[in-house]
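Since the structure comes first, as C-alpha cells, the remarks are kept for the end.
No hydrogens, no waters, no symmetry mates; every other heavy atom, side chains included, goes into these values. Proteins get letters first, then strands, A, B, ... in listed order; numbering begins at 1 in each.
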Amino acid sequence: MNVFIIYLEKIKQIVLNDKSFNKIVKNKNLSNIILEKPPENFDYDLSCNIALILGKQNNLSPRDLAEKIKKLIIQNDNFSQIDIAGPGFLNIKISKKAWIKNIQNILKNKNKYGSNVSRRKYNIEFVSANPTGPLHVGHCRGAVFGDVISNLLIFNGNKVTKEFYVNDYGNQINIFTESVFHRLKEIKLKVPFPSNKGLYPGSYIIDIANKIIKINPDIKLDNLKKIEKKLSKEAIKHSMNLIKLDLKHLGIKHDNFFYETEIVKKNLIKKCLMILKKDKLVIEGYLQPPKGENQKNWKSIKKLIFKSTSFGDDNDRSLQKDDGSWTYFANDLAYHSHKVKRNYDNLINILGADHTGYIKRITAAVKAISKNKIKLTCKVCQLVKLYKNGQPFKMSKRLGDFISVNDLLKEVDKDSIRFMMLNRGNESELEFDFSKVLEKNKDNPVFYVQYCYARINSLFKTLKINLYKDISFNIEDFKPNDFENKLIRKIIEWPKVIDIASTKLEPHRITFYLYDLSTIFHSYWSQGNKNEELKFIIDGKMNSKMSFKIFQLISIILQNGMSILGVSLPKKM
RNA sequence: GCGCCCUUAGCUCAGUUGGAUAGAGCAUCGGUUUUCUAAACCGAGGGUCGUAGGUUCGAAUCCUUCAGGGCGCGCCA
C-alpha cells in the first residue's frame, strides 16, 4: 500500500477520463509523471509534476494546465487542498478521511506494512570466501549486505536461496594444504615452519593442525603427496567450520554451500560447453596478446575461448591454461550454468571491490548460457576502513595483514556491525570507527534508532496498555500538530523506501530512513520539556489519541525495518 | 595501456527514472533538565555539488573534456 503509487494512479485516471481535458491535451506519455514528497518547507503531503510533463509534450503553459488539472482532481475525496507552485507543481493535501483510512490500513498490515508484493525466485550468492581461513572485515560488509538484501526480497514475498560458492579447488587450496602440512610437522616433529615458501602464515593454521592431530593422532607426515587429498579435505572442513561460525556470529545462515569440486567431479564443464560450442560462443582459437606492457612472455597457444565480447566484455576469455587444464573462469561458467538450470528468475552476486573486473565476463556468461533469459546482477561492496578513536585500526594476530571478523566481534556487537555496514551506499568506501558504536548517544545511529523504540514502549508501559491496543479513532481525533504532520508524512514514505531499496538493491536506504524517522520522534518527545501541552501523557492519561496512534505506526516500521536489517530492537534499554 | 567506482559544508556522507531555496551527522559556538527516560532536544555559522563545456522551461543528477583518489585487469582463485 504505497500511497504515492495509489494516488498517482487516481490522478492519472481522473485526468485521462475527462473529455474536455482530452480535447486540449493530445499527447499523453505518462511515464515520467511522478507523485512525491514536496520539499521540507512546503506544508503539503504530496507533490505532482503532471502539468510540467504534459505541458511540455503539448506545448501548453504548465501553469494553465495545472489550473485545469487542479479543478479535476480536487473533486476526488482523497484530496482536501491543491495549490499550484513554482513552474506548475501541484501541491496536494490528503483529506482527513483518507488519512484515517491510510492509518487503519497500516495498523492492519502490521508486519507486512511496506512490503511490495512480488513472487519471484532469487538466488543470491554472497561471501564465497576462499575456504583457506576465517573471514576478514572485507568479507563482513558483503556478508551483511547480501544477507539484508535477502531479507528485503523475502519481505516482499520472494523466494530466496542464499548461496555460498566454496572454491575448494585449485592453487590456493594446494598452498593451504601444504601450509597445514608444515604446521603438522612443526607440532609433531618439531620441524620449523618454512617462512620463505609463500605459505599461509596465520596462526589459525596451527589451530586447524591441532584439530587434525586430535582426530588422527597417528597421521604420517613423511610424504605430503601420499596424504594430500585426505588432508586437504579435512583441512577445508575445519576452515569452513571457522567461516560458518563467523557467519553465525554475524547472524547469517546460508541455505546452500556449493563446492567447486562438485563441478570437477560431475564434469559439468563439458556438459555446459557442448551447448555453447553449438552456438559458436565457445571456439578453439588464439587470444590476442594483451595491450600495454607485459607482452614479452606472451605465448600464442590454441585453446578453448569464450566469446564474451559478444556480450559487451572487453576481451574474449580463455577457458584453458597453457597446460590445457581449466581456468577458474571455466569452473565458474559451469557453476553459473548449474544455477541457471535450477530455474531462478534472477541471479544476484555480491562481490568485493577486488572482483570488479570479473563482472563483465560472468554476466556475459549467464546471458550466453540462459540465452538472454536470466539476468545476473552483480553488486560490488567497496572497502572497509577500520578506525578506533579516530586512528586506523590494525590488529593482525590471526590473519597476517587482515583483521578478522572474530577480532572485530571482540570489540563490537553484531547489531552495531550490521547496522554500520549498511550506513553507507555499497559503492562508497566505508569508514567504520567502532569506538563510536560503543557509545550510547547520538554518535551511534544503532543506539539512536533502538532508543526510539524503547521510548515508545516506555510510553505504553506507563499507561499500562499494550503496544498493539486498538485505540478508537474518529475523524474528530485527527488533528495533527506540526510534529505529527512530519511524522505521518514520513510514515507513508516507508513503502517507497522499501521499493527503491529492493529494486536498486540498496539496503542502506533503510538505515538512513529509520534514522530520519527516529530524529523526528526524538525531537517531538523533547517538546514536552518546553510546552506542557505537547506532553504525551498528562495526569497518567493519554494526551491525544493522534500521537499514540502515530507511535504505533512508528513502532510497526521500526520492527519491520530492523528485522530486515537483522538488528535487535529491545523494548527497554 | 584499458575497465569500473568515487569527488557534494572543516571531517564522514545522503540525495529513484532531470524538478522548487542542495540535506544529515560529527566538529565549532551558544542555549534547554524540579520531566512521559537530558542515553535527549533547540539554535547559529559553514557550499562555485572536482574542472571546463554541452543538452532544456529546469542539471549534484544526462552527454563530452580534463584533473585528483581508490580498486581491478592479461592463462591466480
Side-chain angles (χ1 to χ4, degrees), chain A residues 31-32 34 36 38-42 47 49 52-53 55-56 61-62 85-89 91 128 130 132 167 169-173 175 260 287-295 297-299 301 303 313-315 317-323 325-329 331-332 352-360 380 382-383 390 423-431 433 436 439-445 447-448 450-451 454-455 458-459 461-463 496-497 499-501 503-504 506 508-509 511-512 515-516 519 522-530 532 535-538 540 543 572-573:
Chain A
S31 57
N32 285 327
I34 52 169
E36 61 185 348
E40 282 291 317
N41 45 331
F42 288 85
S47 169
N49 65 348
L52 293 169
I53 301 285
K56 188 178 186 177
S61 148
F89 288 103
N91 288 325
S128 296
N130 276 337
T132 52
N167 303 127
Y169 186 81
N171 240 337
Q172 297 299 324
I173 292 297
I175 296 169
E260 190 175 0
L287 275 177
Q288 291 295 312
K291 295 161 203 155
E293 299 127 41
N294 299 327
Q295 296 194 18
N297 305 333
W298 182 257
K299 279 183 265 174
I301 292 176
K303 53 185 62 157
D313 196 3
D314 313 314
N315 292 305
R317 303 294 172 177
S318 173
L319 297 168
Q320 286 173 305
K321 301 180 195 172
D322 282 353
D323 64 3
S325 64
W326 298 117
T327 58
Y328 172 80
F329 176 59
N331 281 340
D332 211 17
D354 51 342
H355 287 81
T356 317
Y358 196 70
I359 293 176
K360 278 187 181 173
V380 170
Q382 292 295 330
L383 300 178
N423 210 25
R424 288 281 172 273
N426 57 292
E427 307 245 283
S428 295
E429 287 188 3
L430 184 141
E431 289 195 7
D433 189 329
K436 296 256 188 228
E439 295 171 13
K440 300 206 161 176
N441 58 34
K442 212 182 169 180
D443 274 13
N444 176 358
F447 166 80
Y448 192 71
Q450 286 174 329
Y451 189 43
R455 278 184 153 176
S458 128
L459 290 172
K461 206 182 158 196
T462 307
L463 289 181
K496 206 172 174 175
V497 171
D499 185 24
I500 296 170
T503 51
K504 299 189 75 168
E506 290 180 351
H508 71 280
R509 289 166 187 276
T511 53
F512 279 92
Y515 187 86
D516 287 347
T519 302
H522 286 307
S523 170
Y524 189 15
W525 171 286
S526 298
Q527 295 308 309
N529 288 338
K530 292 178 204 157
E532 283 286 317
K535 288 197 171 181
F536 301 149
I537 296 174
I538 294 176
N543 186 11
K572 202 177 154 188
M573 295 180 76

Polar-atom pairs under 3.5 Å, protein N or O versus N or O of nucleotides 11-14 of chain B: list them with distances, or write none.
unit_1: U12(B); atom_1: O2'; unit_2: Arg424(A); atom_2: NH2; d: 2.7
unit_1: C13(B); atom_1: OP1; unit_2: Glu429(A); atom_2: O; d: 3.2
unit_1: C13(B); atom_1: O5'; unit_2: Arg424(A); atom_2: NE; d: 3.4
unit_1: C13(B); atom_1: O2'; unit_2: Arg424(A); atom_2: NH1; d: 3.2
unit_1: A14(B); atom_1: OP1; unit_2: Gly425(A); atom_2: N; d: 2.8
unit_1: A14(B); atom_1: OP1; unit_2: Ser428(A); atom_2: OG; d: 3.1

Polar atoms only, N or O, under 3.5 Å: list the protein pairs with nucleotides 56-59 of chain B and their distances.
unit_1: G58(B); atom_1: O6; unit_2: Lys56(A); atom_2: NZ; d: 3.3

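Shown here are the side chain to side chain donor-acceptor pair (under 3.5 Å) partners of Lys436(A), two or more places apart in sequence or in another chain: there are none. Every residue two or more places apart in sequence or in another chain that forms a side chain to side chain donor-acceptor pair (under 3.5 Å) with Glu506(A) is listed here: Arg509(A). With sequence neighbours left out, the side-chain contact (heavy atoms from CB on, under 4.5 Å) criterion links Pro87(A) to Leu52(A), Phe89(A). In this structure Glu40(A) satisfies the side chain to side chain donor-acceptor pair (under 3.5 Å) test with no other residue, sequence neighbours excluded. Partners of Thr511(A) under the side chain to side chain donor-acceptor pair (under 3.5 Å) rule, at least two apart in sequence or in another chain, do not exist in this structure. Glu260(A) pairs by the side-chain contact (heavy atoms from CB on, under 4.5 Å) definition with Tyr165(A), Asn167(A), Asp168(A), Tyr169(A), Tyr328(A), Asn331(A), not counting sequence neighbours. Lys321(A) meets the side-chain contact (heavy atoms from CB on, under 4.5 Å) test with Asp323(A), Ser325(A), Thr327(A); sequence neighbours excluded. In this structure, the side-chain contact (heavy atoms from CB on, under 4.5 Å) partners of Asn444(A), at least two apart in sequence or on a different chain, are Val437(A), Val446(A), Phe447(A).
Counting atom types as modelled, Lys530(A) pairs no side-chain N or O with a base atom of C41(B) as donor and acceptor under 3.5 Å.
Stem analysis of RNA chain B (Watson-Crick or G-U pairs, both distances under 3.5 Å, runs of at least three) returns B:1-7 with B:67-73, B:10-13 with B:23-26, B:28-32 with B:40-44, B:52-54 with B:62-64.
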> If the sugar-phosphate is the primed atoms plus P, OP1 and OP2 and the base is the rest, what is the B/S/- string for nucleotides 33-38 of chain B, using protein heavy atoms under 4.0 Å?
Replying inline: --BBBS
